Amino acid sequence: MTKPDHEVIVVGGGQAGLAVAYYLRRLGLDFLIVDAGDGPGGAWVHTWDSLHLFSPAAYSSLPGWPFPPGATDGYPTRDEVISYLTRYEARYDFPIDRPRTVGAVEREGTFLRIGFRDGGSLAARAVVSATGTWAAPFVPDYPGRELFEGVQLHSAHYRTPAAFAGKRVLIVGGGNSGAQLLAELSEVAQTTWMTLREPVFLPDDVDGRVLFERASARVRGIDDASSTTTIGDIVMVPPVKEARTRGVLKAVRPFARLIPGGVVWRDGTESTVDAIIWCTGFRPATDHLKPLGIVEPDGRIEVVEQRAVKEPRLWLAGYGNWTGAASATLLGAGRTAREMTPRLAQALAEAISAAP
Ligand code: FAD
């Protein structure tokens, strides 16, 4: 084969894939986005109904078209993000094939071949993987986890508090997800919040934009050593503030082990627990890249400036700071796509001129 089906195939049509598409279009490159979702919105369509962003609207824009101020003038809701992403891809009329799940990316001569789970395949000169983390929820391995007879749910699969009304619920994890789910569940359930260390709450007058500024500064090597703020610090969005007013925003340190009816704490006391909600983060969803033999045990891939070191036709967008400053956020997706795409275009031009 001398010509691929597309010069570039972007796997994943969430915000990271769309941001890459925006710049590929501007560079005049031939590309196709393939996305496993039933519709637009990436992982946002799976998040819980009441989710509020920790980044204000002005800090949640993709390239070219600012996030509209929205109904809530502080932190957009998940529905507002889904609506924004839906209108964003329609506005630019990107070529998107969905739902199509990529099962495997493999080498084929000078191309990479994308194999779909439902059959069929496409060849590309370059592949951008932008599959996010939602499909790979992470749950830490506490002793006795298989013994626990109650409900266990990762935050990735939590939607509403209704099923937990009147129950004893243990929420595990000290980031924004843990704090927001604690705030919501504590209104209907008897909650305990368990975190590895004391959670870090940002001051009320500091919103998520400081997290972005610091993540970016760190990558540019101009870190302010006196500040300890990280992207995992808890932003005091309205429901979390309200939980603090009710006195429920208090965390305990981890239990020693799980038992069928609950947990045993480190001092030997036991608590009955009906449900555990694991707000313990995600890993990169990179199973489709495993045939290339370059995926590390934690799902990451060695990259230099978003290009896979051991497979230079593969580029990574989104996922987290390891592929660019705050690349797994709305604002960061645009910045990192802007940095990556000219390099990708250059590599493509070289590959085309070297082709027989
Ligand atoms: P995703 O949105 O996950 O999109 C990946 C796409 O790839 C999906 O459409 C999926 O269907 C598709 N896909 C996956 N595997 C395959 C495959 N094998 N083949 C084909 N397609 C595939 N960010 C902010 O900027 N501000 C915030 O306030 C904020 N709050 C957050 C709160 C929570 C609770 C969480 C979990 C995240 C938050 N984020 C926030 C982070 C971030 O914006 C999201 O995680 C975002 O969804 C990442 O976008 P993405 O495009 O990288 O991945």
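Everything numeric here is computed off the predicted structure, so don't read it as measured data. In each ligand, atom 1 is the first atom listed, and ligand 1 is the first ligand listed.
At a 3.5 angstrom cut-off on N or O pairs, G318 does not count as close to ligand 1. At least one N or O atom of V102 sits closer than 3.5 Å to an N or O atom of ligand 1. Here's the thing with A317: none of its N/O atoms is less than 3.5 angstrom from an N/O atom of ligand 1. Annotation: L331 places no N or O atom under 3.5 Å from an N or O atom of ligand 1; distance criterion only.
Under a 4.0 Å criterion applied to the non-hydrogen atoms of V11, ligand 1 contributes the atoms 19 (N), 20 (C). Of all atoms in ligand 1, listed by their number and element, those nearer than 4.0 Å to a heavy atom of A130 are 5 (C), 6 (C), 7 (O). The G42 neighbourhood of ligand 1 comprises atoms 2 (O), 4 (O), 8 (C), 9 (O), with distances under 4.0 Å to a heavy atom of that residue. Those atoms of ligand 1 that come under 4.0 Å of a heavy atom in T101, given as number and element, are 18 (N), 19 (N), 20 (C). Residue W48 approaches ligand 1 through these ligand atoms, each under 4.0 Å from one of its heavy atoms: 34 (C). Those atoms of ligand 1 with a heavy atom of L51 less than 4.0 angstrom away are 32 (C), 33 (C), 34 (C).
Atoms OH and CG, on Y158 and L51 in that order, are 11.0 Å from each other to the nearest 0.5 Å. For the atom pair T272 OG1 and R168 CZ, the distance stands at 5.0 Å (nearest 0.5 Å). Residue E305 holds its CD atom at 12.0 Å from CE of M340, rounded to the nearest 0.5 Å.
Between R244 and D204 there is a salt bridge, with a side-chain nitrogen of the basic residue lying less than 4.0 Å from a carboxylate oxygen of the acidic one. A salt bridge is defined here as a Lys NZ or Arg NE, NH1 or NH2 lying under 4.0 Å from an Asp or Glu carboxylate O, and R125 with E7 meets this definition.
Within the structure, ligand 1 lacks A285 among the residues with a heavy atom less than 4.0 angstrom away.
Of the possible donor and acceptor atoms, one in the side chain of R307 sits under 3.5 Å from a partner among the backbone N and O of P312.
Looking at R100 against ligand 1, only its backbone comes within 4.0 Å, counting heavy atoms. Counting heavy atoms under 4.0 Å from ligand 1, residue S177 touches it through the side chain alone.
Side-chain contact of Q306 with T323: a donor-acceptor pair under 3.5 Å is absent, judged by distance alone.
Residue nearest to atom 2 (O) of ligand 1, selected from G14, G39, A156, A43: A43 (by heavy-atom distance). Heavy-atom proximity to atom 6 (C) of ligand 1, evaluated over T286, D35, V20, is greatest for D35.
Taking R117 as the reference, nothing meets the salt bridge (Lys or Arg N to Asp or Glu O under 4.0 Å) condition, with sequence neighbours excluded. Under the salt bridge (Lys or Arg N to Asp or Glu O under 4.0 Å) criterion, E270 pairs with no residue at all, not counting sequence neighbours.
Between F282 and H154, the distance from one ring center to the other falls under 6.0 angstrom.
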